[in-house]
Trainee: 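To start, I am sharing the structure in question, which I have written as structure tokens.
Being a predicted model, the structure only gives us computed values, none of them experimental. When a ligand or atom number is given, it counts from 1 through the structure's own listing order.
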Amino acid sequence: MSQNYNFPKNFHFGSATSSYQIEGAVNEDGRKPSIWDEFAHKSGRIADHSTGDIACDHYHLWPEDLALMSKMNFDAYRFSIAWPRVIPDGRGAVNQKGLDFYDRLVDALLERGIAPYATLYHWDLPLALPGGWLNRDTAKAFAEYTEVVVRRLGDRVHSWATLNEPRCSATVGYQEGRHAPGEMDRTKALTAAHNLLLAHGLAVPVLRAATRKAKVGIVLDIKPYYPASVSNTAAQAAIDGDGVFNRWFFDPIAKGHYPADTWAGFGEHVPTVEDGDMALISAPIDSVGLNYYSRGFVEQDKSVRFPHAKEIRNPASGYTEMGWEIYPQGLHDMLVRLHRDYPEIPDFYIAENGAAMADELVDGKVSDPVREQYYRDHIQAVSDAIAKGVPMSAYLAWSFMDNFEWGFGYTRRFGIVYVDYPTQQRVVKQSGQWFADFIAGQKALR
Ligand code: IFM
């Protein structure tokens, strides 16, 4: 792909993180446990047996982290708010100290000219909530929590996202068992997914009522599916894979219904939908943040459950440390397709994009040319999609710094800034320096 970037003047560049992955300080200032505290401590399912107890100690080191973001020329920073800091029991008493932390963070970002992108839920559900996402009441609790946060931060936040990747919360947490709460049951996963979508739908009017300028939306993970051969069965696997991964979430939000083919494919596992749910879930929004990492390259395999899609390794491609194919064309294709199929969504932004690499700190430096190239090519894919008329407003790299990568613990490094965990020293990687210089170049053109 040639490198010929062309971005609108008001386009934001920056990076993203999430609360449990970076903050640490899990017992400080009134925070109570989330489902991830319990899962990391008890499940035995974290690769290096680690937890988010300390993580990047961002709860204490945030001034230094923000100073680095300024130095790296960011226009924007996406972070998430820890529900168990703000309402430690999930419902009821509000912990002002928890709110104070995000209040200071937002003010400090604004002082530095960095637009705050706040996500209300990035997987750290208060443990005290009975039944977690299997309980419809959790959606109502989420709307109450949203009201508390938006009343405090309101229009100082540039862009509000209700949820990060409800697909991942539901599927990886309730069906694959690799994430909290570690359940392995498809019916539960689809119930959780519906309750998550309902939580989004209940929170949107709450955000609207308390803000006038801020954008309101959600962050969805996306994965374009391509058949790995020219057979009809591979083509069907790609359609079905797309239904499960993408359309199951985009259709309800943009169009107010679940996709009929995928609904039929899930059979007896489909969720109970009450009257009025779909109207709530499809409340108009201003933007959808997109998390893109890779594509699905599939053959049909009837021995695996619906969508009967088996991932095939492409020998022509590079792969990241997650085992994910590096495929920037997929980002371009998906952006063009989402804009075509969901004209109801007025704006998209890249809320996450990045690559885990086996980084090493050598003589105080981290050389990561493959990640640098990953960023060059994916940013180009966004620029090319914009040239085709896709409305896009920001590109946020995942992640600002190395952090707790969920079930992989600290064994996967996604940062453009290296974290030396024993000393908590931050070192800008080669890719981070490239990104900082790239943003400076874009700013010079504005
Ligand atoms: O680290 C995660 C993030 O929390 C959600 N999106 C995918 C990232 C990489 O796995």
Trainee: Look at atom 7 (C) of ligand 1 and say which protein heavy atom is nearest, naming residue and atom and giving the distance to 0.1 Å.
Mentor: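 Its nearest protein heavy-atom neighbour is Glu352 OE1, 3.2 Å.
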Trainee: Other residues, nucleotides and ligands only: do more than 12 of their heavy atoms fall within 6.0 Å of CD on Glu360?
Mentor: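 12 or below, so no.
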Trainee: Tell me if the centroids of the rings in Phe13 and Phe7 come within less than 6.0 Å of each other.
Mentor: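 Phe13 vs Phe7: aromatic centres under 6.0 Å.
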Trainee: Assert yes or no for the condition that the ring centre distance of Phe266 to Tyr258 is strictly below 6.0 Å.
Mentor: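 For Phe266 and Tyr258, the ring centres are not under 6.0 Å apart.
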Trainee: Report yes or no: does Phe408 have a heavy atom closer than 4.0 Å to ligand 1?
Mentor: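 No, Phe408 has no heavy atom closer than 4.0 Å to ligand 1.
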Trainee: Check contact between His122 and ligand 1, using heavy atoms of the residue and a distance below 4.0 angstrom.
Mentor: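 Yes; His122 lies near enough to ligand 1 that a heavy-atom distance drops under 4.0 Å.
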Trainee: I want to know if ligand 1 touches Ser18 in the polar sense, i.e. an N/O pair below 3.5 angstrom.
Mentor: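 Between Ser18 and ligand 1 (N or O atoms, distance only) the closest approach is not under 3.5 Å.
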Trainee: Check whether Tyr59 forms a cation-pi arrangement with Arg31 (NZ or CZ under 6.0 Å from the six-membered ring centre, at most 45° off the ring normal).
Mentor: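 Geometry flag: not set, cation outside 6.0 Å or 45°.
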Trainee: Among all protein heavy atoms, pick out the one at the shortest distance from atom 1 (O) of ligand 1; state its residue, atom name and that distance to 0.1 Å.
Mentor: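 Ranking protein heavy atoms by distance from atom 1 (O) of ligand 1, first comes Glu405 OE1, 2.6 Å.
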Trainee: Checking contacts here: is it the side chain or the backbone of Trp324 that comes within 4.0 Å of ligand 1, counting heavy atoms only? Could be both or neither.
Mentor: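 Answer for Trp324: side chain.
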Trainee: Verify the ring-centre separation between Trp133 and Tyr121: is it less than 6.0 angstrom?
Mentor: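 Between Tyr121 and Trp133, the centre distance is under 6.0 Å.
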Trainee: Geometry only, no angles: is Trp123 polar-contacting ligand 1 at N/O separations under 3.5 Å?
Mentor: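 Trp123 vs ligand 1: no N/O contact under 3.5 Å.
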Trainee: Side chain or backbone, does Glu165 bring an N or O within less than 3.5 Å of an N or O on ligand 1?
Mentor: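 By distance alone, the answer is yes.
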Trainee: Are any non-hydrogen side-chain atoms of Ser34 and Trp83 less than 4.5 angstrom apart?
Mentor: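 A side-chain contact is absent here, since even the closest heavy-atom pair is not under 4.5 Å.
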